[in-house]
Amino acid sequence: MSKAKITDEEYHRFEDIMFKIWRVLDFGDDEFTQDEILHINRSFEQLNDKHPREHDIIVRHHLKHTYYTTIAREQGVTEGYIRKLAKNGAYYFLEIYDKK
């Protein structure tokens with residue numbers, strides 16, 4: 001299996017963004033401006049259009065807290081493959097997100 005496209009540093013930055021989004025969704029924290037929320041929503045929409053499988057894994061794991069193992073069982077693949085798709089999805093998300 002090939003390596004994921006994202007570096008560890010970029011992945012940590014992605015996880016920080018997902019954590020902030022999760023806090024806003026679950027606790028109503030007001031960490032983003034209206035422009036930032038629109039930009040994040042557009043980034044997710046573009047990710048879903050271009051890479052729907054990676055989008056679904058990211059949303060389920062980072063925002064809905066579904067384990068990679070559960071997603072892998074549902075799709076009949078290995079957990080490592082799901083982790084790789086999630087990391088590639090993070091790479092694609094940051095690529096879209098950074099094109100502000």
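All values reported here derive from a predicted model rather than from experimental measurement.
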Pair L47, I58 - check side chain to side chain contact (heavy atoms under 4.5 Å, CB included), show working. CA-CA 10 Å; L47 179 64; I58 287 171; 4.0 Å; yes
Could you go through the side chain to side chain contact (heavy atoms under 4.5 Å, CB included) check for Y92 and K50 one step at a time? CA-CA 9 Å; Y92 300 137; K50 294 178 182 178; over 6 Å; no
Got a second to check how far [X]'s [atom1] is from [Y]'s [atom2], nearest 0.5 Å?
X: K99; Y: R42; atom1: NZ; atom2: CZ; result: 14.5 Å
X: Y11; Y: K5; atom1: OH; atom2: NZ; result: 15.5 Å
X: H12; Y: E15; atom1: NE2; atom2: CD; result: 6.5 Å
X: I57; Y: K87; atom1: CD1; atom2: NZ; result: 13.5 Å
X: T78; Y: R73; atom1: OG1; atom2: CZ; result: 13.0 Å
X: I40; Y: I21; atom1: CD1; atom2: CD1; result: 4.0 Å

Mind checking what makes side chain to side chain contact (heavy atoms under 4.5 Å, CB included) contact with N48, not counting sequence neighbours? P52, H55, D56
Walk me through whether E74 and R60 qualify under salt bridge (Lys or Arg N to Asp or Glu O under 4.0 Å). CA-CA 12 Å; E74 291 171 356; R60 288 187 67 197; 2.6 Å; yes
Specify the closest pair of heavy atoms between [X] and [Y], including all atoms of both residues, with the distance to one decimal.
X: Y68; Y: A86; value: OH-CB, 3.5 Å
X: Q75; Y: I82; value: OE1-CD1, 3.6 Å
X: R13; Y: D98; value: NH2-OD2, 2.8 Å

Can you sort out the partners of F32 under ring-ring contact (aromatic ring centres under 6.0 Å, His included), two or more places apart, ordered by chain and number?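 In terms of ring-ring contact (aromatic ring centres under 6.0 Å, His included), with neighbours along the sequence ignored, F32 is linked to no residue.
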Residues W22, M18; criterion side chain to side chain contact (heavy atoms under 4.5 Å, CB included); working and verdict: CA-CA 6 Å; W22 171 74; M18 290 298 111; over 6 Å; no
Set of residues satisfying side-chain hydrogen bond (donor to acceptor under 3.5 Å, both in side chains) with respect to T69, sequence neighbours excluded: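 Once residues adjacent in sequence are excluded, the partners of T69 under the side-chain hydrogen bond (donor to acceptor under 3.5 Å, both in side chains) criterion are E79.
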Do L38 and I96 belong together in a cluster built from hydrophobic side chains that touch within less than 4.5 Å? no
With a 4.5 Å cut-off on side-chain heavy-atom distances among I, L, V, M, F, W and Y, is there a chain of contacts connecting I71 to Y67? no
Quick check: do K84 and V77 have side-chain heavy atoms less than 4.5 Å from each other?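 The answer is no, as the side chains (C-beta and beyond) never meet within the 4.5 Å cut-off.
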Should H62 and F14 be marked as a side chain to side chain contact (heavy atoms under 4.5 Å, CB included) after you check the CA-CA gap, both sets of side-chain angles, and the distance that decides it? CA-CA 10 Å; H62 288 282; F14 168 77; 3.5 Å; yes
Would F44 and F93 count as a close aromatic pair, with their ring centres under 6.0 Å?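 F44 vs F93: aromatic centres under 6.0 Å.
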